[in-house]
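If you're wondering where the values come from, they're calculated on a predicted model, not measured in any experiment. In the text below, chain A, chain B and the rest are named by the order of the sequence lines, each starting its count at 1. Basis for what follows: all heavy atoms, side chains included, without hydrogens, waters or symmetry-related copies.
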There are 2 protein chains.
Amino acid sequence: MQALPVVQSGATVALIRKLAIRLALTPDELPILQSIFSVARSVRRHQDIVTEGKRNRVIFFVLEGLLIHYRIMRDGQRQVINIVVPGDIVGAPSCFFDGALYSVRSLTNSVVIAWPLEELFNLSGMQSQLATKIFWSFCCDAAMSAEHVVVVGRRSARERIAHFLLELLIRLQGIGLADERSYRLPFSQDVICDALGLSLAYVNRELRRLAQDGLVIISDHKVEINDVEALSALADFEDHYLRPTPIDELIAPGIAPPILAGSRRDISIR
Amino acid sequence: MQALPVVQSGATVALIRKLAIRLALTPDELPILQSIFSVARSVRRHQDIVTEGKRNRVIFFVLEGLLIHYRIMRDGQRQVINIVVPGDIVGAPSCFFDGALYSVRSLTNSVVIAWPLEELFNLSGMQSQLATKIFWSFCCDAAMSAEHVVVVGRRSARERIAHFLLELLIRLQGIGLADERSYRLPFSQDVICDALGLSLAYVNRELRRLAQDGLVIISDHKVEINDVEALSALADFEDHYLRPTPIDELIAPGIAPPILAGSRRDISIR
DNA sequence: CGTCGCTTTGATCATGATCAAGGGATGTGG
DNA sequence: CCACATCCCTTGATCATGATCAAAGCGACG
């Protein structure tokens, strides 16, 4: 990993803004988190930033790039637990265990900010609200793992693949990296097969069939979903689990979102 | 659900003590949580305490009984996300979403304490450390879902079953409900098959084979694992993900666990 | 030009699903 | 106290989804 100044790319600035919105940061919390963001690190693709078994007491704010949480089994097979997209905070739950439970690897060149877990606990004394928001984010990520269990446990190969592509669509839309029905998929099919517990040959075949049926066309690392409705029906996909109740509504139930109300887009970065 | 006074059964008292240890409660935190525990509720078996899709702003401390997190699919199939044992805190991540993501159902008669999520957020102002500990617990639960993905995604039926039985062994040992190599399993095989994404007939057959091979004998709802080592090797089971770093070590890294050091067994209940 | 990474396709195999039926408890109502 | 029902476990036969093995195509890149 190599250090580099952070507030450089337009994408990163936009992303920090999105993160601030997602965590419902108040005007006083924003600079605190921003001070953390003074130095980011670039990570070349195909590098582990967390290694299973090794002690990890750091959480990462992902600003750019795609990464995966994964485990290598004793027979060499890989299971991908989760795709990580910009705006995600990774490191939990591994940082709560003596040795990391899973490895985290970049699929593309990425930009991340490493933040010592210690700081999070410090925050919970001084700025408890902010700490709560970060913990809340971890808890919401747990919903994705739970959903993943359902996908892998009870769905056919075709449904799994459709679900995978739709989940990515919604998540990338949330950070401006997908449009209405398409996005770039900058990794190869083996990531899909390892995420879904399927063989590479079969994933390939099913993708081909989905294309023949006019549902999804993947070409040149670009996913194009012809009919999102139809594919969602096929996959039994619902996006609830990707849309938590905004944390400010939870903290102040009943009341209109207090501090940022009406001006959620006006957060200034820098 | 019917209200009943809580500090009645010996099992419950022991359990509260264990929960206090697990959360590394300090002498001042303990009474706060105990005040919550003034009224528990008994839940008859086979009842939902959380229903998928319905708004849920409550978390539950489970004192007695076994429960499951589950989802019913559109074709009627069920996927069990997680077994819940006494000492667990359930409700997350569902309580962070508009509608619950999964249902929670009792497998046996149970005793739980329902606690409004609001109180947790209140706590994060006044008693931020305690709130942090509860959030930490949620995050650690996420590790079980992640592990579940690996089990269902990349293991054979036999391995999955072995893993399931071992996970339960370790978890029940942690709360004194299992001895060295056996425990009561007070539910039928369909829970196992729905947890592991297998068919009932096949789970039954594989259980029978495990018994024939002298690895595990289940009879009359009692699981007896003949050789835990051997079964762990078969399942590629490691219990790391069930053993988080104690929260007090994380909060005060390097220092010996401060307040309860050396007297972790001396917490007084009542 | 040759190698490497990725996709594609074919042929065959096997794990685990599905369908079907019977059996042993336990419980319940007549 | 018996008849019957229900729940759960068990086992057999057959089927199919998806794995495995093998090989070829196809860029990109050095």
* Structure fact -> B/S/- along nucleotides 14-24 of chain C (protein heavy atoms under 4.0 Å) is -SBSB------

* To do: Sugar-phosphate atoms are those with a prime plus P, OP1 and OP2; base atoms are the rest. Using that split, label each nucleotide of nucleotides 24-30 of chain D B, S or - for protein heavy atoms under 4.0 Å, 5' to 3'.
  => -------

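With hydrogens and angles disregarded, no donor-acceptor distance shorter than 3.5 Å links the side chain of B:D220 to the backbone of B:K222. Between the side chain of B:N109 and the backbone N or O of B:R45, at least one donor-acceptor pair lies under 3.5 Å. Judged by distance alone, the side chain of A:T12 and the main-chain N or O of A:L63 form no donor-acceptor pair under 3.5 Å.
Dashed line: the shortest gap from a side-chain N or O of A:Q189 to OP1 or OP2 of C:dG5 is not under 4.0 Å.
Once rounded to the nearest 0.5 Å, the distance linking CZ of A:F187 with OG of A:S106 reads 13.0 Å.
Across the protein-nucleic acid pair, B:H46 atom NE2 and D:dC7 atom P stand 10 Å apart, rounded to whole Å. As rounded to whole Å, 18 Å separates atom P of D:dA23 from atom CG of A:N204. As a whole-Å value, the separation of A:R209 CZ from C:dT9 P is 11 Å. A:D220 places its CG atom 13 Å from the C1' atom of C:dC6, with the value rounded to the nearest Å. Between A:F187 atom CZ and C:dG5 atom P the separation is 19 Å, expressed in whole Å. The distance from atom CZ of A:R208 to atom C1' of C:dC6 is 13 Å, rounded to the nearest whole Å.
Just one of A:L165, A:L231, A:L166 meets the side-chain contact (heavy atoms from CB on, under 4.5 Å) condition when paired with A:F237; it is A:L166.
For the residue pair A:Y70 / A:D48, a side-chain donor-acceptor distance below 3.5 Å is found, with atom types taken as modelled. Side-chain N/O atoms of A:R71 and A:Q79 include no donor and acceptor closer than 3.5 Å.
Taking the six-membered ring where the residue is Trp, A:H163 and A:Y241 present parallel rings, their angle staying beneath 30° rather than reaching 60°.
Summary for the helix from C:dC1-D:dG30 to C:dG30-D:dC1: the axes at its two ends, each from 5 pairs, differ by 30° when rounded to the nearest 10 degrees.
Using a 4.5 Å cut-off on side-chain heavy atoms (C-beta onward), B:I225 and B:S182 make no contact.
A salt bridge is defined here as a Lys NZ or Arg NE, NH1 or NH2 lying under 4.0 Å from an Asp or Glu carboxylate O, and B:R181 with B:D227 fails to meet this definition.
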